[in-house]
Amino acid sequence: MAASEIAHPEAEREAHAGRPKPTATRLRRALQLFMVLLVLVIGVQFSRFVASCLDPRLPAVARPPGVGGFLPIAGLMGLRHWLATGRLDAVQPSAAVLLLLALLASLLLKKSFCAWLCPIGALSEWLWRLRAKLFPRWPAHRLPRWLDGVLMAPKYLLLAFFAFFIFVAMPPRALEAFIEGPYNRVADVRMLAFFAHPSTLTVAVLAGLLLLSFLVQNAWCRYLCPYGALTGLVSLLSPLKVRRVEEACTHCQACTRACPMHLKVHELGAVRSPECTACLLCVDACPEPDALVVGPGPGLKRPRLALAALALVLLVYFGGMALAMAAGHWRNGIGREEYLRIVPPAMQRYPVQDGETDGTRSP
Ligand code: SF4
Ligand code: SF4
């Protein structure tokens with residue numbers, strides 16, 4: 001197989017039929033599915049919450065605090081506020097909590113958020129697997145290294161822009177004003193309105209991104225996501241990384257062909273790259289049980305590695321969320337009366353197409 005071609009993970013697995021089941025991949029995909037369903041449940045509940053604020057005749061629905069996970073900018077603002085004051089803001093606390101947990105997980109186990117929890121990462125992966133099923137003969141070419149590097153620049157530029165604006169250019173008073181201000185209080189509602197009434201340009205961009213993920217493996221995560229760029233940079237400090245044991249390795253390159261982030265695992269002693277998502281596809285693809293390990297010392301091997309990775313990810317995210325809830329840093333401090341006042345104008349800012357109703361109350 002040419003160096004610029006990669007095997008589809010399914011084909012790779014078939015080639016090694018009879019070996020122990022790739023448990024890391026199974027566990028990871030089960031968690032991805034759970035997270036996508038969880039996000040859908042949160043999205044539906046948030047839509048019902050907004051509808052109940054628009055129409056008081058509907059039964060009152062509580063705002064799901066997990067919606068803060070859809071607000072990465074509010075999360076960055078909250079992170080700076082927390083670093084400066086030691087307090088989490090009371091308007092979108094869950095946004096900052098979820099960002100902090102993503103950074104903590106990256107500090108421990110590479111950018112595991114992307115491969116284990118992110119619903120967009122899961123969608124990206126599903127599209128790529130769908131392509132492999134629908135068009136098994138399409139070769140999955142890798143871009144030349146220089147072009148791949150150039151295309152990675154936008155996510156770091158986006159991250160640099162947001163980081164400069166929030167951490168350097170914004171005076172502390174402006175940050176406080178933003179956090180307490182009217183925009184931040186309905187940032188989640190505006191986001192819903194944005195997707196509920198998308199412009200033609202929004203639809204075209206979303207369709208383009210879906211198509212791109214079908215043609216280029218992990219296109220969004222690899223080239224455009226500033227959240228992934230941040231977790232990737234933090235992951236450089238991670239002590240847990242995939243390591244190759246030279247004595248056990250046969251240089252078959254199955255690990256490199258399986259790697260969705262196009263890393264040359266078979267040439268590396270340890271995978272230090274900020275692109276590694278700790279997906280463990282390389283470990284599952286390796287025919288030698290002792291050739292790829294994770295962690296310091298002798299390291300963990302499959303199948304214990306898969307369970308340990310899952311336990312760590314669950315502990316950081318769901319343990320962290322439970323702690324935030326117990327400490328009162330999960331639900332925001334905005335009462336229902338205020339929401340009844342601020343939600344309708346936030347939804348009305350977006351134009352409604354002819355023949356459609358936006359469900360807002362009559363004046
Ligand atoms: S680490 Fe495993 S999959 Fe990679 S080259 Fe060595 S033996 Fe092959
Ligand atoms: S090196 Fe292994 S764990 Fe890291 S992204 Fe590639 S396949 Fe996943």
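Here, residue 1 is the first one in the sequence, and each next residue gets the next number. First listed ligand is number 1; within each ligand, the first listed atom is number 1. Since the model is a prediction, treat every value here as computed from it, not as a measurement.
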Identity and separation of the nearest protein heavy atom to atom 6 (Fe) of ligand 2: Cys259 SG, 2.3 Å

Salt bridge flag under 4.0 Å for residues Arg302 and Asp284: no

Part of Leu292 within contact of ligand 1 (heavy atoms, under 4.0 Å): side chain

Numbered atoms and elements of ligand 1 in range of Arg244, under 4.0 angstrom, heavy atoms: 1 (S)

Cys282 N/O/S atom closer than 2.8 Å to atom 4 (Fe) of ligand 2: no

Proximal ligand 2 atoms for Pro260, defined as those under 4.0 Å from one of its heavy atoms: 7 (S)

Side-chain donor-acceptor contact under 3.5 Å, Ser235 with Ser238: no

Ion pair Glu125/Arg28, N-O distance below 4.0 Å: yes

Atom 5 (S) of ligand 2 [closest protein heavy-atom partner, distance rounded to 0.1 Å]: Thr277 N, 3.5 Å

Top protein contact for atom 4 (Fe) of ligand 2, by heavy-atom distance: Cys276 SG, 2.3 Å

Numbered atoms and elements of ligand 1 in range of Gln253, under 4.0 angstrom, heavy atoms: 5 (S), 8 (Fe)

Numbering as shown, the atoms of ligand 1 that approach Cys249 to under 4.0 Å (heavy-atom distance): 1 (S), 5 (S), 6 (Fe), 7 (S)

Minimum side-chain heavy-atom gap Pro72-Leu99 below 4.5 Å: no

Distance filter under 4.0 Å to Pro287 heavy atoms, resulting ligand 1 atoms: 3 (S)

Trp126 atom CH2: more than 12 heavy-atom contacts under 6.0 Å: yes

Heavy-atom neighbours of Arg336 CZ exceed 12 at 6.0 Å: yes

Criterion side-chain hydrogen bond (donor to acceptor under 3.5 Å, both in side chains) on His262 and Glu275, from CA distance to verdict: CA-CA 9 Å; His262 309 177; Glu275 298 306 318; over 6 Å; no

For Thr250, the ligand 1 atoms whose distance to one of its heavy atoms is below 4.0 Å: 6 (Fe), 7 (S)

Residue pair Glu267 / His251, side-chain donor-acceptor N/O under 3.5 Å: no

Shortest protein contact, atom 8 (Fe) of ligand 2 (heavy atom only): Cys279 SG, 2.3 Å

Arg243 and Val294, any side-chain heavy atoms less than 4.5 Å apart: no

Those atoms of ligand 1 less than 4.0 Å from some heavy atom in Glu288: 7 (S)

Atoms in ligand 2 flagged as close to Ala278, the criterion being non-hydrogen separation under 4.0 Å: 3 (S)

Verdict with reasoning, Leu123 to Trp220, per side-chain contact (heavy atoms from CB on, under 4.5 Å): CA-CA 10 Å; Leu123 268 182; Trp220 167 261; over 6 Å; no

Atom 2 (Fe) of ligand 1 [closest protein heavy-atom partner, distance rounded to 0.1 Å]: Cys286 SG, 2.3 Å

Positive for side chain to side chain contact (heavy atoms under 4.5 Å, CB included) with Leu310, one of Leu314, Val313, Leu312: Leu314

Atoms of ligand 2, numbered as shown, that sit under 4.0 Å from any heavy atom of Val265: 1 (S)

Atoms in ligand 2 with a heavy atom of Met261 nearer than 4.0 Å: 5 (S)

Distance from atom 3 (S) of ligand 1 to nearest protein heavy atom, with residue and atom: Cys255 N, 3.2 Å

His251 neighbourhood, listing ligand 1 atoms whose heavy-atom distance to it stays under 4.0 Å: 5 (S), 6 (Fe)

N/O donor-acceptor pair under 3.5 Å between Gln92 side chain and Asn184 backbone: yes

Numbering as shown, the atoms of ligand 1 that approach His266 to under 4.0 Å (heavy-atom distance): 5 (S)

Any Ala248 heavy atom less than 4.0 Å from ligand 1: no

Backbone or side-chain N/O/S of Cys252 under 2.8 Å of atom 2 (Fe) of ligand 1: no

Donor-acceptor side-chain pairing of Tyr223 and Asp148 below 3.5 angstrom: yes

